[in-house]
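Since this is a predicted model, take the numbers as computed values, not measurements.
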Amino acid sequence: MVSTPTRTRGNEPRDGKSKAASVDDSRPKGLRGHMRSFWESLEGKGKAPNSSTYYLILGCALALTAIGIMMVLSASSVEAISEGKSPYADALKQAVFGVVGLIAMYVISRTNVNWMKKLSWWALGAVIVLLALVQVMGNTVNGNKNWIDIGGVTLQPSEMAKLILCVWIAAVLARKQKLLHRWMHVIIPVVPGAGLVIALVMLGNDLGTVIVIAAITAAGLYFAGVPGRMLAIAGAVGAVGAVLGTISSSNRICRITSWLGTASQQCTEQFDFDFQSTNGMYGLAQGSWTGLGLGQSRQKYNWLPEAHNDFIFAIIGEELGLVGTIVVLVLFAILGIAIFRVVVRQTDPFQRTLAGGIMVWLLGQASMNMAVVTQLLPVVGVPLPFISYGGSALIMSLCGVGVVLSLARGQLPAQQRSGFLPRLMSKTARKRT
(Lines give C-alpha, C1' and ligand atoms only; values in the text may rest on other atoms or scores of the structure.)
Protein backbone atom coordinates (compact mmCIF):
# COMPACT_ATOMS: atom_id res chain seq x y z
CA MET A 1 0.00 0.00 0.00
CA VAL A 2 1.49 3.27 -1.12
CA SER A 3 1.00 6.25 1.12
CA THR A 4 -0.23 9.47 -0.40
CA PRO A 5 2.19 12.41 -0.06
CA THR A 6 1.03 14.99 2.42
CA ARG A 7 -0.08 18.30 0.86
CA THR A 8 1.14 21.64 2.07
CA ARG A 9 -1.64 23.83 3.35
CA GLY A 10 -2.70 26.70 1.23
CA ASN A 11 -1.99 29.30 3.88
CA GLU A 12 1.62 28.12 4.42
CA PRO A 13 4.51 29.33 2.28
CA ARG A 14 5.79 26.68 -0.15
CA ASP A 15 9.39 27.24 0.80
CA GLY A 16 8.69 25.81 4.26
CA LYS A 17 8.97 29.09 6.13
CA SER A 18 6.65 29.63 9.07
CA LYS A 19 3.89 32.19 9.12
CA ALA A 20 5.88 34.27 11.62
CA ALA A 21 8.80 34.36 9.24
CA SER A 22 6.60 35.53 6.41
CA VAL A 23 5.23 38.27 8.67
CA ASP A 24 8.78 39.36 9.48
CA ASP A 25 9.55 39.50 5.75
CA SER A 26 6.71 41.96 5.30
CA ARG A 27 8.46 44.57 7.42
CA PRO A 28 9.83 47.61 5.62
CA LYS A 29 13.31 47.13 4.26
CA GLY A 30 16.17 49.56 4.18
CA LEU A 31 16.97 52.25 6.70
CA ARG A 32 13.42 52.48 8.04
CA GLY A 33 13.29 48.76 8.74
CA HIS A 34 16.68 48.77 10.43
CA MET A 35 15.69 51.74 12.58
CA ARG A 36 12.48 50.01 13.65
CA SER A 37 14.35 46.81 14.50
CA PHE A 38 16.96 48.79 16.45
CA TRP A 39 14.28 50.67 18.41
CA GLU A 40 12.40 47.45 19.23
CA SER A 41 15.60 45.80 20.43
CA LEU A 42 16.35 48.90 22.53
CA GLU A 43 12.93 48.67 24.17
CA GLY A 44 13.19 44.90 24.58
CA LYS A 45 9.86 44.67 22.77
CA GLY A 46 8.47 41.20 22.28
CA LYS A 47 10.67 39.70 25.00
CA ALA A 48 9.38 38.54 28.35
CA PRO A 49 10.76 40.57 31.28
CA ASN A 50 13.76 38.86 32.84
CA SER A 51 16.38 39.64 35.44
CA SER A 52 18.92 40.96 32.89
CA THR A 53 17.54 44.51 33.08
CA TYR A 54 17.69 44.44 36.88
CA TYR A 55 21.30 43.29 36.94
CA LEU A 56 22.38 45.70 34.21
CA ILE A 57 21.11 48.62 36.29
CA LEU A 58 22.68 47.23 39.44
CA GLY A 59 26.00 46.40 37.77
CA CYS A 60 26.37 49.81 36.10
CA ALA A 61 25.57 51.66 39.33
CA LEU A 62 28.10 49.60 41.29
CA ALA A 63 30.79 49.98 38.61
CA LEU A 64 30.34 53.76 38.35
CA THR A 65 30.42 54.11 42.14
CA ALA A 66 33.64 52.10 42.34
CA ILE A 67 35.21 54.17 39.56
CA GLY A 68 34.14 57.31 41.40
CA ILE A 69 35.79 56.34 44.69
CA MET A 70 38.98 55.38 42.85
CA MET A 71 39.10 58.63 40.87
CA VAL A 72 38.26 60.79 43.91
CA LEU A 73 41.29 59.23 45.64
CA SER A 74 43.49 60.01 42.65
CA ALA A 75 42.15 63.52 41.96
CA SER A 76 42.03 64.80 45.55
CA SER A 77 45.22 63.37 47.05
CA VAL A 78 47.63 66.08 45.86
CA GLU A 79 45.42 68.98 46.92
CA ALA A 80 44.79 67.31 50.28
CA ILE A 81 48.53 66.97 50.92
CA SER A 82 49.08 70.63 50.01
CA GLU A 83 46.47 71.55 52.65
CA GLY A 84 48.13 69.37 55.29
CA LYS A 85 45.43 66.67 55.25
CA SER A 86 45.65 62.94 54.67
CA PRO A 87 45.71 62.03 50.94
CA TYR A 88 43.02 59.44 51.67
CA ALA A 89 40.65 61.76 53.55
CA ASP A 90 38.24 62.62 50.74
CA ALA A 91 38.27 59.11 49.28
CA LEU A 92 37.46 57.57 52.66
CA LYS A 93 34.56 59.99 53.11
CA GLN A 94 33.30 59.13 49.63
CA ALA A 95 33.58 55.42 50.42
CA VAL A 96 31.52 55.89 53.60
CA PHE A 97 28.89 57.81 51.64
CA GLY A 98 28.93 55.03 49.06
CA VAL A 99 28.28 52.37 51.70
CA VAL A 100 25.38 54.40 53.14
CA GLY A 101 23.98 54.90 49.64
CA LEU A 102 24.29 51.21 48.77
CA ILE A 103 22.46 50.20 51.94
CA ALA A 104 19.69 52.70 51.15
CA MET A 105 19.58 51.46 47.54
CA TYR A 106 19.21 47.85 48.68
CA VAL A 107 16.45 48.64 51.20
CA ILE A 108 14.46 50.68 48.66
CA SER A 109 14.90 48.05 45.94
CA ARG A 110 13.30 45.41 48.20
CA THR A 111 10.13 47.46 48.80
CA ASN A 112 7.12 48.41 46.72
CA VAL A 113 7.74 52.08 45.96
CA ASN A 114 4.03 52.92 46.02
CA TRP A 115 4.54 53.78 49.70
CA MET A 116 6.33 56.90 48.50
CA LYS A 117 3.03 58.37 47.30
CA LYS A 118 1.83 58.85 50.87
CA LEU A 119 4.97 60.73 51.91
CA SER A 120 5.48 62.81 48.75
CA TRP A 121 3.82 66.00 50.04
CA TRP A 122 5.54 65.76 53.43
CA ALA A 123 8.90 65.18 51.75
CA LEU A 124 8.40 68.16 49.43
CA GLY A 125 7.51 70.37 52.38
CA ALA A 126 10.60 69.21 54.27
CA VAL A 127 12.97 69.88 51.37
CA ILE A 128 11.45 73.36 50.82
CA VAL A 129 12.09 74.16 54.50
CA LEU A 130 15.69 72.93 54.16
CA LEU A 131 16.23 74.99 51.01
CA ALA A 132 14.91 78.06 52.81
CA LEU A 133 17.24 77.39 55.77
CA VAL A 134 20.17 77.20 53.36
CA GLN A 135 19.54 80.82 52.37
CA VAL A 136 19.38 81.85 56.03
CA MET A 137 22.20 79.88 57.61
CA GLY A 138 23.85 77.94 54.78
CA ASN A 139 27.47 77.76 53.66
CA THR A 140 28.77 79.42 50.50
CA VAL A 141 31.37 77.58 48.40
CA ASN A 142 32.73 79.07 45.15
CA GLY A 143 29.84 81.53 44.95
CA ASN A 144 27.12 78.89 45.40
CA LYS A 145 25.07 78.75 48.60
CA ASN A 146 23.92 75.13 48.66
CA TRP A 147 25.08 73.51 51.89
CA ILE A 148 23.80 73.50 55.45
CA ASP A 149 25.25 71.97 58.63
CA ILE A 150 22.80 70.02 60.78
CA GLY A 151 24.21 68.34 63.86
CA GLY A 152 27.73 68.35 62.45
CA VAL A 153 26.59 66.78 59.17
CA THR A 154 26.77 68.82 55.97
CA LEU A 155 23.74 68.35 53.70
CA GLN A 156 22.96 69.61 50.22
CA PRO A 157 19.15 69.86 50.10
CA SER A 158 19.14 70.65 46.37
CA GLU A 159 20.38 67.10 45.70
CA MET A 160 17.57 65.69 47.85
CA ALA A 161 15.10 67.86 45.94
CA LYS A 162 15.83 66.01 42.69
CA LEU A 163 14.57 62.62 43.88
CA ILE A 164 11.77 64.09 45.98
CA LEU A 165 10.49 66.08 42.99
CA CYS A 166 10.53 62.93 40.86
CA VAL A 167 8.32 61.20 43.43
CA TRP A 168 6.04 64.17 44.10
CA ILE A 169 5.41 65.02 40.44
CA ALA A 170 4.69 61.36 39.65
CA ALA A 171 2.25 61.07 42.57
CA VAL A 172 0.38 64.28 41.70
CA LEU A 173 0.09 63.63 37.97
CA ALA A 174 -0.88 59.98 38.43
CA ARG A 175 -3.80 61.10 40.57
CA LYS A 176 -4.85 63.54 37.83
CA GLN A 177 -4.33 61.10 34.97
CA LYS A 178 -7.79 61.59 33.44
CA LEU A 179 -7.64 65.39 33.75
CA LEU A 180 -4.29 66.11 32.08
CA HIS A 181 -5.97 67.44 28.93
CA ARG A 182 -6.98 70.54 30.92
CA TRP A 183 -4.52 73.37 31.43
CA MET A 184 -5.44 74.06 35.03
CA HIS A 185 -4.85 70.50 36.19
CA VAL A 186 -1.51 70.33 34.38
CA ILE A 187 -0.25 73.58 35.89
CA ILE A 188 -1.53 73.23 39.46
CA PRO A 189 0.13 72.19 41.68
CA VAL A 190 3.12 70.92 39.68
CA VAL A 191 4.33 74.23 38.25
CA PRO A 192 4.05 76.29 41.49
CA GLY A 193 5.66 73.49 43.54
CA ALA A 194 8.57 72.93 41.16
CA GLY A 195 8.85 76.70 40.59
CA LEU A 196 9.25 77.33 44.34
CA VAL A 197 12.06 74.75 44.52
CA ILE A 198 13.73 76.29 41.45
CA ALA A 199 13.46 79.80 42.93
CA LEU A 200 15.07 78.72 46.21
CA VAL A 201 17.91 76.95 44.41
CA MET A 202 18.40 79.95 42.12
CA LEU A 203 18.82 82.17 45.18
CA GLY A 204 21.92 80.11 45.91
CA ASN A 205 23.26 80.84 42.39
CA ASP A 206 23.27 77.14 41.44
CA LEU A 207 22.28 77.38 37.78
CA GLY A 208 23.29 73.80 36.99
CA THR A 209 20.92 72.31 39.56
CA VAL A 210 18.14 74.60 38.35
CA ILE A 211 18.53 73.22 34.83
CA VAL A 212 18.42 69.63 36.12
CA ILE A 213 15.30 70.30 38.20
CA ALA A 214 13.62 71.96 35.21
CA ALA A 215 14.45 68.87 33.11
CA ILE A 216 12.97 66.60 35.80
CA THR A 217 9.77 68.66 35.78
CA ALA A 218 9.52 68.49 31.98
CA ALA A 219 10.17 64.74 32.05
CA GLY A 220 7.43 64.24 34.63
CA LEU A 221 4.92 66.07 32.43
CA TYR A 222 5.99 64.11 29.35
CA PHE A 223 5.89 60.63 30.86
CA ALA A 224 2.60 61.38 32.60
CA GLY A 225 1.04 61.88 29.17
CA VAL A 226 0.53 65.65 29.01
CA PRO A 227 -0.46 66.65 25.43
CA GLY A 228 2.38 67.75 23.16
CA ARG A 229 1.02 71.25 22.50
CA MET A 230 1.01 71.98 26.23
CA LEU A 231 4.59 70.73 26.52
CA ALA A 232 5.63 72.95 23.61
CA ILE A 233 4.09 76.06 25.18
CA ALA A 234 5.58 75.22 28.58
CA GLY A 235 8.98 74.74 26.90
CA ALA A 236 8.73 78.15 25.23
CA VAL A 237 7.83 79.81 28.54
CA GLY A 238 10.72 78.00 30.22
CA ALA A 239 13.14 79.17 27.51
CA VAL A 240 12.05 82.78 27.99
CA GLY A 241 12.54 82.39 31.75
CA ALA A 242 16.01 80.93 31.20
CA VAL A 243 17.00 83.89 29.01
CA LEU A 244 15.72 86.40 31.55
CA GLY A 245 17.51 84.56 34.36
CA THR A 246 20.75 84.59 32.37
CA ILE A 247 20.80 88.26 31.43
CA SER A 248 19.95 89.27 34.99
CA SER A 249 23.31 88.01 36.29
CA SER A 250 26.75 89.17 35.24
CA ASN A 251 28.15 85.81 36.43
CA ARG A 252 25.93 83.86 34.00
CA ILE A 253 26.61 86.27 31.14
CA CYS A 254 30.34 85.81 31.67
CA ARG A 255 29.92 82.03 31.58
CA ILE A 256 28.33 82.23 28.14
CA THR A 257 30.68 84.86 26.69
CA SER A 258 33.69 82.89 27.96
CA TRP A 259 32.32 79.78 26.24
CA LEU A 260 31.79 81.73 23.01
CA GLY A 261 35.27 83.26 23.25
CA THR A 262 33.97 86.81 23.47
CA ALA A 263 34.49 87.45 27.20
CA SER A 264 35.31 90.99 28.23
CA GLN A 265 38.36 91.88 30.26
CA GLN A 266 36.14 92.43 33.29
CA CYS A 267 34.78 88.88 33.01
CA THR A 268 38.28 87.47 32.66
CA GLU A 269 39.56 89.35 35.71
CA GLN A 270 36.54 88.73 37.93
CA PHE A 271 35.56 85.13 37.07
CA ASP A 272 37.99 83.65 34.50
CA PHE A 273 35.88 80.65 33.51
CA ASP A 274 38.29 80.09 30.61
CA PHE A 275 40.95 78.97 33.06
CA GLN A 276 38.94 76.02 34.34
CA SER A 277 37.56 74.86 31.00
CA THR A 278 40.92 75.26 29.24
CA ASN A 279 42.76 73.22 31.85
CA GLY A 280 40.07 70.57 31.63
CA MET A 281 40.73 70.28 27.90
CA TYR A 282 44.48 70.16 28.57
CA GLY A 283 43.86 67.16 30.79
CA LEU A 284 41.83 65.34 28.14
CA ALA A 285 44.44 66.15 25.48
CA GLN A 286 47.36 64.91 27.57
CA GLY A 287 45.58 61.60 28.20
CA SER A 288 45.53 60.74 24.50
CA TRP A 289 44.33 57.16 23.81
CA THR A 290 45.41 55.21 26.90
CA GLY A 291 46.19 57.94 29.44
CA LEU A 292 49.17 58.84 31.57
CA GLY A 293 48.38 56.11 34.08
CA LEU A 294 46.25 55.97 37.22
CA GLY A 295 47.46 58.60 39.68
CA GLN A 296 49.71 60.31 37.13
CA SER A 297 47.57 63.36 36.32
CA ARG A 298 49.39 66.67 36.04
CA GLN A 299 46.34 68.93 36.05
CA LYS A 300 45.37 67.87 39.57
CA TYR A 301 48.46 69.70 40.90
CA ASN A 302 46.26 72.72 41.64
CA TRP A 303 45.97 73.56 37.94
CA LEU A 304 42.37 72.37 37.55
CA PRO A 305 39.82 73.75 40.04
CA GLU A 306 37.25 71.23 41.29
CA ALA A 307 39.38 68.37 39.94
CA HIS A 308 37.68 65.78 42.18
CA ASN A 309 34.22 67.28 41.83
CA ASP A 310 32.65 68.85 38.72
CA PHE A 311 35.71 68.33 36.49
CA ILE A 312 36.61 64.78 37.52
CA PHE A 313 35.82 63.58 33.99
CA ALA A 314 38.88 65.52 32.79
CA ILE A 315 41.06 63.62 35.27
CA ILE A 316 39.57 60.34 34.03
CA GLY A 317 40.53 61.31 30.49
CA GLU A 318 44.01 62.38 31.51
CA GLU A 319 44.87 59.30 33.57
CA LEU A 320 42.89 56.62 31.73
CA GLY A 321 42.79 58.20 28.28
CA LEU A 322 40.08 57.99 25.67
CA VAL A 323 39.59 54.34 26.62
CA GLY A 324 38.68 55.31 30.18
CA THR A 325 36.23 58.01 29.12
CA ILE A 326 34.56 55.61 26.67
CA VAL A 327 34.15 53.03 29.45
CA VAL A 328 32.36 55.64 31.56
CA LEU A 329 30.19 56.67 28.58
CA VAL A 330 29.29 53.04 27.83
CA LEU A 331 28.33 52.40 31.46
CA PHE A 332 26.00 55.43 31.46
CA ALA A 333 24.59 54.35 28.08
CA ILE A 334 23.84 50.83 29.34
CA LEU A 335 22.32 52.28 32.50
CA GLY A 336 20.11 54.57 30.40
CA ILE A 337 18.96 51.76 28.09
CA ALA A 338 18.15 49.48 31.02
CA ILE A 339 16.14 52.17 32.83
CA PHE A 340 14.38 53.01 29.56
CA ARG A 341 13.24 49.39 29.30
CA VAL A 342 11.78 49.66 32.79
CA VAL A 343 9.94 52.85 31.77
CA VAL A 344 8.38 51.51 28.54
CA ARG A 345 7.14 48.34 30.26
CA GLN A 346 5.30 50.23 32.99
CA THR A 347 1.51 50.36 32.85
CA ASP A 348 1.00 52.18 36.15
CA PRO A 349 1.13 55.99 35.57
CA PHE A 350 2.87 56.71 38.88
CA GLN A 351 5.60 54.16 38.32
CA ARG A 352 6.14 55.14 34.66
CA THR A 353 6.43 58.84 35.47
CA LEU A 354 8.70 58.15 38.45
CA ALA A 355 11.09 55.95 36.46
CA GLY A 356 11.12 58.41 33.56
CA GLY A 357 11.96 61.32 35.83
CA ILE A 358 14.85 59.44 37.44
CA MET A 359 16.17 58.43 34.02
CA VAL A 360 16.21 62.03 32.78
CA TRP A 361 17.76 63.21 36.05
CA LEU A 362 20.71 60.79 36.06
CA LEU A 363 21.38 60.64 32.31
CA GLY A 364 20.69 64.34 31.71
CA GLN A 365 23.00 65.43 34.52
CA ALA A 366 25.76 63.07 33.36
CA SER A 367 25.47 64.38 29.80
CA MET A 368 25.56 67.97 31.00
CA ASN A 369 28.66 67.40 33.13
CA MET A 370 30.59 65.72 30.33
CA ALA A 371 29.48 68.39 27.85
CA VAL A 372 30.81 71.12 30.16
CA VAL A 373 34.18 69.39 30.55
CA THR A 374 34.51 68.95 26.77
CA GLN A 375 33.44 72.61 26.17
CA LEU A 376 30.22 71.67 24.40
CA LEU A 377 28.38 73.76 27.01
CA PRO A 378 29.33 76.77 29.15
CA VAL A 379 30.79 76.07 32.59
CA VAL A 380 27.85 75.02 34.77
CA GLY A 381 28.40 73.42 38.15
CA VAL A 382 26.81 69.96 38.11
CA PRO A 383 28.48 66.83 39.52
CA LEU A 384 28.95 63.67 37.48
CA PRO A 385 26.51 61.16 39.05
CA PHE A 386 28.13 58.36 41.09
CA ILE A 387 31.65 59.65 40.31
CA SER A 388 32.08 63.25 41.49
CA TYR A 389 32.91 63.88 45.13
CA GLY A 390 29.93 64.68 47.30
CA GLY A 391 27.98 62.66 49.85
CA SER A 392 24.49 64.06 49.22
CA ALA A 393 24.79 63.62 45.46
CA LEU A 394 26.09 60.04 45.70
CA ILE A 395 23.54 58.88 48.28
CA MET A 396 20.59 60.38 46.41
CA SER A 397 21.78 58.97 43.07
CA LEU A 398 21.98 55.49 44.58
CA CYS A 399 18.54 55.95 46.17
CA GLY A 400 17.21 56.83 42.72
CA VAL A 401 18.73 53.62 41.34
CA GLY A 402 17.10 51.73 44.23
CA VAL A 403 13.69 53.04 43.13
CA VAL A 404 14.28 51.88 39.55
CA LEU A 405 15.53 48.49 40.79
CA SER A 406 12.31 48.10 42.77
CA LEU A 407 10.28 48.83 39.64
CA ALA A 408 12.40 46.44 37.55
CA ARG A 409 12.00 43.73 40.18
CA GLY A 410 8.22 44.26 40.18
CA GLN A 411 8.11 43.43 36.46
CA LEU A 412 9.64 39.98 36.99
CA PRO A 413 7.65 36.77 37.43
CA ALA A 414 7.01 35.92 41.08
CA GLN A 415 9.53 33.05 41.13
CA GLN A 416 12.35 35.39 40.03
CA ARG A 417 11.77 38.11 42.62
CA SER A 418 13.52 36.38 45.52
CA GLY A 419 16.95 37.74 46.27
CA PHE A 420 20.27 35.92 46.26
CA LEU A 421 20.28 35.20 50.00
CA PRO A 422 16.81 33.56 50.09
CA ARG A 423 17.75 31.33 47.15
CA LEU A 424 21.05 30.41 48.78
CA MET A 425 19.31 29.57 52.07
CA SER A 426 16.72 27.43 50.31
CA LYS A 427 19.44 25.44 48.52
CA THR A 428 21.28 24.89 51.80
CA ALA A 429 18.08 23.71 53.45
CA ARG A 430 17.41 21.22 50.64
CA LYS A 431 20.93 19.78 50.99
CA ARG A 432 20.45 19.25 54.73
CA THR A 433 17.19 17.40 54.18
Taking all non-hydrogen atoms of both residues into account, name the closest pair between [X] and [Y] and its distance.
X	Y	answer
Ala355	Leu407	CB-CD1, 3.7 Å
Ala161	Val197	CB-CG1, 4.0 Å
Arg341	Val344	O-CG2, 3.4 Å
Pro192	Pro189	CD-O, 3.4 Å
Val201	Ile213	CG2-CD1, 4.0 Å
Ala215	Val360	O-CG1, 3.8 Å

Point to revise | Pairs where residues 365-412 contributes a residue and the test ring pair (Phe, Tyr, Trp, His ring centres under 6.0 Å) is met, not counting sequence neighbours | key: His308-Tyr389
Review point. Tell me the ring pair (Phe, Tyr, Trp, His ring centres under 6.0 Å) pairs involving residues 226-258, sequence neighbours left out?
Key: none
Nearest 0.5 Å, please: how far is [atom2] in [Y] from [atom1] in [X]?
X	Y	atom1	atom2	answer
Lys162	Gln156	NZ	CD	7.0 Å
Leu398	Thr65	CG	OG1	4.5 Å
Ser392	Asn146	OG	CG	10.0 Å
Ile67	Leu331	CD1	CG	5.0 Å
Ile316	Ile326	CD1	CD1	13.0 Å
Arg352	Leu173	CZ	CG	10.5 Å

So do the side chains of [X] and [Y] get within less than 4.5 Å of each other, counting heavy atoms only?
X	Y	answer
Pro378	Val372	no
Asn309	Pro383	yes
Phe275	Pro305	yes
Ile358	Leu354	yes
Val127	Leu124	yes
Glu159	Ile395	no
Ile339	Thr53	no
Val403	Met116	yes

Exercise for review: Output all residues satisfying ring pair (Phe, Tyr, Trp, His ring centres under 6.0 Å) with Trp121, sequence neighbours left out; order by chain, then residue number.
Suggested key: Trp168
Review point. So among Glu306, Glu319, Glu318, which one has a salt bridge (Lys or Arg N to Asp or Glu O under 4.0 Å) with Lys300?
Key: Glu319
Point to revise | Neighbour count >12 (heavy atoms, 6.0 Å) for atom NZ, Lys176 | key: yes
**Study point:** Atom CH2 of Trp303 with >12 non-hydrogen neighbours under 6.0 angstrom
**Key:** no
Exercise for review: Determine whether the side chains of Gln299 and Gln286 contain a donor N or O and an acceptor N or O closer than 3.5 Å.
Suggested key: yes
Check your understanding: Leu362 and Val401: side-chain contact (heavy atoms from CB on, under 4.5 Å), yes or no, with the steps?
Key -> CA-CA 9 Å; Leu362 295 177; Val401 171; 4.1 Å; yes
**Study point:** Residues forming a side-chain contact (heavy atoms from CB on, under 4.5 Å) with Ala171, sequence neighbours excluded
**Key:** Lys117, Ser120, Phe350
**Study point:** Qualifying residues under side-chain contact (heavy atoms from CB on, under 4.5 Å), relative to Val226, sequence neighbours excluded
**Key:** Leu180, Val186, Leu221, Met230, Leu231
Review point. Tell me the salt bridge (charged side-chain N to carboxylate O under 4.0 Å, His left out) pairs involving residues 60-89, sequence neighbours left out?
Key: Glu83-Lys85
